[in-house]
Chemist: 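Dropping the structure in here first, questions after.
Indexing begins at 1, ligand by ligand and atom by atom, following the structure's order. In this text, all values refer to a predicted model and were calculated from it rather than measured experimentally.
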Amino acid sequence: MPTISAARAYLVDVAVETERTDAVQSFIKQETIFVEIETDDGRTGTGYSYTIGTGGRAVLSMLRDHLLPRLSGQEADRIESVWMDLFAHTRSTTTGAITSLALAAVDTALWDLKCQRADEPLWRMAGGFRRDVPLYDTEGGWLHIDTDELVAGAVASKAAGWSGVKVKVGKPRINEDRDRLAAIREAVGPDLDIMVDANQSMTGADAIRRAHAFEDIDLAWLEEPLPADDVSGHVRLARSTSIPIAVGESMYAVQQFREYLERGAASVVQVDVARVGGITPWLKVAHLAEAFNVAVCPHFLMEIHVSLTAAIPNGRYVEHIPQLRAVTRTEMEIVDGRALAPETPGLGIDWDNDAIDNRRVA
Ligand code: MG
């Protein structure tokens, strides 16, 4: 059995490719935390995690000071065992964002090794349901984009064969949000999914009111209407509207998803492999959602989520936000509006090591 012989972590800043705004924040830069794990059979696994601009150095410290020193000598393919050891060792900071992000960088490196050793791509190793996954575009729907440009982007996405577009909401007046969405629906007709995302910006009463105002636009889902820790608010909202409620990008543990699913507060699960602590817990959330007959449409990170979504039977969508082009040599393959999971052994991300080294900040 291959044993871990060395591990290192470093931080790389990847500039945003375009301005990205929503109701509560801007994407400043992608702080990308890399972990490389070497095993005594001569392999190196590369994992990663990220933030959208703050906290990257805290994740790096967690890795360097507390997690990586525990890896040496552990068996690399006992991923559940390694994960639980690290989790137990950091009890005083779990469940929490920094620790989950750090765990994800280790976990994805171990999965990269596992797939390399089996000479299999991630989508097959993680379940292998089907290789191609429908795609929707978020890159054309940011909050600062005006209505004409939103409409043009949605029309172009439909023409390219994509199945959906996401539009940020949270303008000061309900009518402004409604008019933007109605203009898109009018232009694209009934055959395109329109997802809307409030990024946790609303109060319970406002969300119920806005959902009511959006009812006749035929939305695929209303995403993160309320703060993620307001489970009962999501329960009330879900009972008051026919629009499916999507949550998950701001959750950091499997148990948080259980709570939402058990209480009927989530109709779409958007589990993020970095924020939930890696592929190991991501798959648990995905299978839990399947047991509740709920679709998984993961948040961001299309380069790895394409493989995970392809792996599971309830994976419904990959979110198109290209952000790694500056540090990868090839892009995610898209054919007829569907994303194709890579067939290369490992995570399937074609890292450009020189470009990564040039952007190293810690
Ligand atoms: Mg979102």
Chemist: Less than 4.5 Å apart, side chain to side chain, heavy atoms only: is that true for Y317 and D193?
Modeler: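 A side-chain contact under 4.5 Å exists here.
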
Chemist: Within the supplied structure, the quantity of interest is the number of heavy atoms (other residues, nucleotides, ligands) at a distance under 6.0 Å from R263 CZ; does it exceed 12?
Modeler: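 Yes, because the 6.0 Å sphere around CZ of R263 holds more than 12 heavy atoms from other groups.
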
Chemist: Could you check if a side-chain atom of E249 sits within less than 4.5 angstrom of a side-chain atom of N199, using non-hydrogen atoms only?
Modeler: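 Yes, their side chains come closer than 4.5 Å.
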
Chemist: Relative to the ring of W351, is the ring of F34 parallel (under 30°), tilted (30 to 60°) or perpendicular (over 60°)?
Modeler: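 F34 vs W351 ring planes: perpendicular.
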
Chemist: At the Mg ion (ligand 1), what is the angle formed between atom OE2 of E223 and atom OE1 of E249, rounded to the nearest 10°?
Modeler: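 Computed angle, vertex at the Mg ion (ligand 1), rounded to 10 degrees: 100°.
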
Chemist: Taking both backbone and side chain into account, is any N, O or S atom of E224 nearer than 2.8 Å to the Mg ion (ligand 1)?
Modeler: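 E224 does not place any N, O or S atom closer than 2.8 Å to the Mg ion (ligand 1).
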
Chemist: Mind checking whether the Mg ion (ligand 1) has an N, O or S of D197 under 2.8 Å?
Modeler: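 A backbone or side-chain N, O or S atom of D197 is under 2.8 Å from the Mg ion (ligand 1).
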
